[in-house]
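What follows is a set of notes on a single structure, which appears directly below.
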Amino acid sequence: MKSKYIRLLRPVAWITFLLPFSVGFGLGIKSNSHPFIIIYAFIAFITWMSFSFILNALADKHVDKFHDGRSKDMNLAYQSIVTGEITEKKALYLSIIFLFSSIIFAWLVNTLFFLLILIVDVVGYIYSMPPLRLKAKPVTDIICNTTAGGLIFIAGLSIGGENLYPLIILAVFVMTSIFYIPTVVTDFEFDKKAGIKTSAVYFSPKRLLQVMYPLTAFLVVIGLIILLTGNLELKLISLLIIIYTIPSTIVANLRLKGERLFIHENWILVPFILFSTVIIIYGILKVMGLFIPLN
Ligand code: GPP
Ligand code: MG
């Protein structure tokens, strides 16, 4: 069994946000960027995720206990607040420490990065915690994840300050909403049983998955414009986005049997972590001046 802190923070689940952050980092970084700025930025990312996931574990305590282990980074019935290994009071203290750490480290990076981390901290709060608890309402659950994914991408870009190109930012917002849909559909039975009206519960799994088609078509159009107008780095990224998103949308729609979506979490987690690793290495090589940027 993983340590009680790992089961509270759920670092494997951060991978979904690590991808936009690291792509932003890899695209935005310059050879004259200071290594400490990059370290502070990654600490701000980690502390933001820790803050958001602790609040999520706190707020979902009575929901997570019903989880059967399907389609997630872990069986949530074993998250440490449900099992009582970490008290709610302690979790709350930890979340406050992580919140302040994310703000302080973000401040050391740059003003735009700082403002974006402040906003995603707020999103992390209102997503899980009452009175808003936007994760339990249709549409706002998608908006929160899309906003967090898109803004953390811009934060990543801002570390080095290059490639702040509106179309790639729009593409990442659209891509985040596309990939959030199958994750909320796999939660359908679990959320319905817990009485949470997510977009999947409200619109039905089938109809929500179908929304991936127009979103993917829109993403392809944006991708094609970037392919025609962007620099080599952006062309490569938009090509990869198109190549990965089209089959994902088709497969997600084909794998729905009744109201149950049969997709293993590794179909998202493994490509996301592999791509994040490659682009982080690419970014580090750029900083070290060992890679001639694909501009
Ligand atoms: C998981 O939400 C928690 C997060 C994604 C925290 C960060 C969210 C932001 C929008 C910043 P969940 O409760 O919907 O999923 P799970 O059932 O996996 O806990
Ligand atoms: Mg949760």
Side-chain angles (χ1 to χ4, degrees), residues 6-21 44-82 88 91 94-95 98-99 102 106 116-130 132-156 172-173 176-177 179-202 208 261 263-266 268-269 272:
I6 298 290
R7 279 177 286 121
L8 178 70
L9 300 178
R10 299 173 59 192
V12 173
W14 304 352
I15 292 169
T16 46
F17 290 107
L18 178 67
L19 179 71
F21 185 66
F45 172 82
I46 289 167
T47 47
W48 162 58
M49 282 278 85
S50 304
F51 166 70
S52 303
F53 273 88
I54 293 179
L55 292 185
N56 188 262
L58 269 169
D60 288 353
K61 184 183 156 189
H62 298 292
V63 180
D64 288 348
K65 65 180 179 203
F66 296 119
H67 192 229
D68 58 5
R70 237 171 43 88
S71 298
K72 285 202 188 285
D73 52 297
M74 62 175 278
N75 184 337
L76 296 176
Y78 299 131
Q79 64 105 320
S80 317
I81 297 175
V82 172
E88 289 187 42
L94 283 172
S95 76
F98 282 123
L99 170 65
S102 74
L116 292 167
I117 291 291
L118 273 187
I119 299 172
V120 292
D121 275 330
V122 171
V123 175
Y125 186 92
I126 59 178
Y127 178 71
S128 299
M129 296 296 273
L132 290 180
R133 193 161 161 75
L134 298 179
K135 64 161 274 182
K137 297 185 176 78
V139 184
T140 55
D141 54 346
I142 299 180
I143 291 175
C144 280
N145 277 281
T146 304
T147 307
L151 295 186
I152 206 63
F153 170 71
I154 306 175
V172 171
F173 271 95
T176 316
S177 55
F179 280 92
Y180 175 68
I181 290 176
T183 71
V184 73
V185 170
T186 53
D187 286 353
F188 172 77
E189 287 167 88
F190 168 55
D191 287 331
K192 195 175 171 189
K193 195 154 62 176
I196 300 182
K197 249 193 165 46
T198 60
S199 293
V201 176
Y202 186 79
L208 189 62
L261 181 57
I263 289 191
H264 193 272
E265 62 278 12
N266 284 348
I268 288 186
L269 293 180
F272 273 41

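Order of appearance sets the numbers: ligands from 1, and atoms from 1 within every ligand. Treat the numbers as computed from the prediction; the structure is a model and nothing was measured.
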> Is Ser128 close enough that one of its N/O/S atoms sits under 2.8 Å from the Mg ion (ligand 2)?
Replying inline: no
> Any idea how Phe45 and Phe21 line up, ring-wise: parallel (<30°), tilted (30 to 60°), or perpendicular (>60°)?
Replying inline: parallel
>> If you consider just the N/O/S atoms, which atom of Asp60 is the closest one to the Mg ion (ligand 2)?
In response: OD2
> Are Asp121 and Ser102 close enough that a side-chain donor and a side-chain acceptor fall under 3.5 Å?
Replying inline: yes
> With a cut-off of 2.8 Å, does any N, O or S atom of Asp64 fall short of it relative to the Mg ion (ligand 2)?
Replying inline: no
>> Pairing donors with acceptors under 3.5 angstrom, does anything connect the side chains of Ser199 and Asp141?
In response: yes
> When you look at Leu261 and Phe188, which way does the side-chain contact (heavy atoms from CB on, under 4.5 Å) test go after all the steps?
Replying inline: CA-CA 9 Å; Leu261 181 57; Phe188 172 77; over 6 Å; no
> Do Asp191 and Lys197 meet the salt-bridge criterion of a basic N to acidic O distance under 4.0 Å?
Replying inline: no
Ligand-protein N/O pairs under 3.5 Å (ligand 1):
residue	atom	partner	partner atom	Å
ligand 1	2 (O)	Asn56	ND2	3.3
ligand 1	13 (O)	Asn56	OD1	3.1
ligand 1	13 (O)	Asn56	ND2	2.9
ligand 1	13 (O)	Asp60	OD2	2.8
ligand 1	13 (O)	Lys135	NZ	2.6
ligand 1	14 (O)	Tyr127	OH	2.7
ligand 1	17 (O)	Lys72	NZ	3.0
ligand 1	18 (O)	Arg10	NH2	2.8
ligand 1	18 (O)	Lys72	NZ	3.1
ligand 1	19 (O)	Arg10	NH1	2.8
ligand 1	19 (O)	Asn56	OD1	3.0

> Using the ring of each side chain (for Trp, its six-membered ring), is Phe17 parallel, tilted or perpendicular to Trp48, with breaks at 30° and 60°?
Replying inline: perpendicular
> Using 4.0 Å as the upper bound for N to carboxylate O, is an ion pair formed by Arg70 and Glu189?
Replying inline: yes
